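The next block holds one structure in the form of structure tokens; read it before the comments.
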Amino acid sequence: MQQVLALIETKQQEFAQLPLFSFMQNQSIHPKDRLCFAPLIVPLAMGFGELCNYVFREEPTTDKVQALLNRHTYEEHFHWQWLLEDLEKLDLHHCSKLTDAMLFSFGDATLKSRNVCYQLHHHSFQADPIVKFAAMQVAEATANVFFNVSQPVALELKAITGKEYRYFGMCHLHEEEHHHINTPNIVSFFQQIELNDQQRQQAILAVESIFAAYTEAMNSFLEFAKQQMSTQQTKILVDSVN
């Protein structure tokens, strides 16, 4: 298992260098604009909640790895509620009708976001618990990077609006950093697991495929943010002329 965990660490370091995170840290841009891609996260966040409830979790179980995964799913499955709460506070409403919301949620803009869940499902559904653990650890690694970057942005926004942003801010980051599955004794337990060849190959494939999906999603978030800012600047220019 140590080989798989080492791969996750390497991929996490590469993930942290994505252009989206430089954009989010650019304080010359208004903090709300740095989170304007937030609606694209909804299919991923809500889909991940469903994966926790119906794919990663298997009860009852006598398998220790599965039991640890089960506990983790109860810690994770509700975080999407914080995202919807933050979207309200950010006033990022792209749709006023249910039909428009459905077209947005299942449209091209959110395709890469949805694909993360498709990859997580593909590599986790009825899979060996240790392979599911590898898939979940990719989600953990990417979340750690993302929320360490979003938390300062949320603080900047709070200083402006006086509002708490639980999904993007310290509340979520604190939860991510204190999951039971990441405590030293549990980490040590997983490090000592010996995988057979099939488990190793499946876990490595899951790690590489899911990291690739998360990377594509982050790149799509940045492209969306740039498009939104460009559209806004054009509107301001037109309004000033009129």
Side-chain angles (χ1 to χ4, degrees), residues 1-25 37-38 40-52 55-56 65 68-69 72-73 75-77 79-80 83 109-151 168 172-173 175-177 179 181-182 186-187 190-191 193 195 197-225:
M1 191 65 199
Q2 289 193 17
Q3 179 183 351
V4 176
L5 294 174
L7 176 61
I8 292 173
E9 184 175 351
T10 298
K11 291 289 186 181
Q12 182 184 34
Q13 292 171 1
E14 294 172 359
F15 184 79
Q17 301 306 312
L18 291 177
L20 173 68
F21 303 123
S22 297
F23 168 80
M24 292 173 67
Q25 293 171 313
F37 57 84
L40 301 191
I41 306 176
V42 174
L44 194 166
M46 298 188 75
F48 186 73
E50 285 205 311
L51 289 171
C52 284
V55 176
F56 285 107
V65 173
L68 289 167
L69 277 171
H72 186 70
T73 62
E75 296 175 2
E76 283 276 14
H77 75 99
H79 291 180
W80 59 268
L83 174 59
T110 61
L111 176 60
K112 301 300 184 181
S113 183
R114 301 195 312 271
N115 189 49
V116 173
C117 292
Y118 300 153
Q119 289 297 321
L120 284 166
H121 183 279
H122 175 71
H123 292 282
S124 303
F125 182 65
Q126 296 184 340
D128 186 308
I130 200 65
V131 177
K132 289 198 290 186
F133 168 75
M136 181 64 83
Q137 283 302 100
V138 176
E140 284 289 289
T142 54
N144 180 269
V145 172
F146 184 91
F147 294 113
N148 267 289
V149 175
S150 71
Q151 189 264 342
F168 293 104
H172 200 165
L173 180 61
E175 289 294 319
E176 291 295 330
E177 292 179 339
H179 286 314
I181 207 167
N182 295 324
I186 301 301
V187 171
F190 280 107
Q191 288 174 335
I193 293 177
L195 305 185
D197 288 342
Q198 182 179 20
Q199 289 173 320
R200 185 178 301 105
Q201 291 172 10
Q202 290 177 346
I204 289 174
L205 179 59
V207 168
E208 292 176 340
S209 300
I210 298 167
F211 260 115
Y214 269 107
T215 296
E216 290 182 357
M218 298 304 109
N219 291 338
S220 76
F221 293 173
L222 178 58
E223 185 61 30
F224 182 86

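Computed from a predicted model, the values in this text were never measured in an experiment.
The environment of Glu9 atom CD is sparse: at most 12 non-hydrogen atoms of other residues, nucleotides or ligands sit within 6.0 angstrom. Other residues, nucleotides and ligands contribute at most 12 non-hydrogen atoms within 6.0 Å of the CD atom of Gln198.
Shown here for Glu216 and Asn115, the closest heavy-atom pair between the two residues is OE1-ND2, 4.3 Å. In terms of heavy-atom proximity, Ser113 sits nearest to Leu40 at OG-O, 2.7 Å. Shortest non-hydrogen contact noted between Lys132 and Phe56 is NZ-O, 3.3 Å. Between Arg200 and Gln3, the closest heavy-atom pair is CD-OE1, 3.2 Å. Of all heavy-atom pairs between Phe21 and Ala16, the closest is CD1-O, 3.8 Å. Summarising the geometry of Pro19 relative to Asn219, their closest heavy-atom pair is CD-OD1, 4.2 Å, with the distance given to 0.1 Å.
You'll find the side chain of Phe211 reaches within 4.5 Å of the side chain of Thr142, heavy atoms only. At least one side-chain heavy atom of Leu51 sits less than 4.5 Å from a side-chain heavy atom of Cys117. Between Tyr214 and Val145, the closest side-chain pair of non-hydrogen atoms is not below 4.5 Å. Proximity of Met46 to Val42: side-chain heavy atoms (C-beta onward) are separated by under 4.5 Å at one or more points. Glu175 places none of its side-chain heavy atoms less than 4.5 Å from the side chain of Phe147. A 4.5 Å side-chain heavy-atom check between Leu83 and Phe168 finds at least one atom pair inside the cut-off. Here the side chains of Phe133 and His72 are not in contact, with every heavy-atom distance at 4.5 Å or above. Between Val65 and Ile193, the closest side-chain pair of non-hydrogen atoms falls below 4.5 Å.
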side-chain contact (heavy atoms from CB on, under 4.5 Å) evaluation trace for Lys11 with Val138: CA-CA 9 Å; Lys11 291 289 186 181; Val138 176; over 6 Å; no

Apply side-chain contact (heavy atoms from CB on, under 4.5 Å) to residues Leu7 and Glu208 and explain how you reach the verdict. CA-CA 9 Å; Leu7 176 61; Glu208 292 176 340; 4.2 Å; yes

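The closest donor-acceptor contact from the side chain of Asn148 to the backbone of Asn144 lies under 3.5 Å. In this structure, Arg114 contributes its side chain and Pro43 its backbone to no donor-acceptor pair below 3.5 Å. Side-chain atoms of Gln202 do not come within 3.5 Å of backbone N or O of Val131 as any donor-acceptor pair.
If you check the side chains of Asn182 and Glu140, you find a donor sitting under 3.5 Å from an acceptor.
Atom CD1 of residue Ile186 and atom CG of residue Leu68 lie 5.0 Å apart, to the nearest 0.5 angstrom. Between Ile41 atom CD1 and Phe146 atom CZ the span is 4.0 Å, to the nearest 0.5 Å. Distance check, rounded to the nearest 0.5 Å: CD of Glu14 to OG1 of Thr215 gives 8.5 Å. Distance CE/Met218 to CD/Glu223: 14.5 Å, rounded to 0.5 Å. To the nearest 0.5 Å, atom CD of residue Glu75 and atom CD1 of residue Ile181 are 8.0 Å apart. Rounded to the nearest 0.5 angstrom, Glu50 CD and Trp80 CH2 are separated by 9.5 Å.
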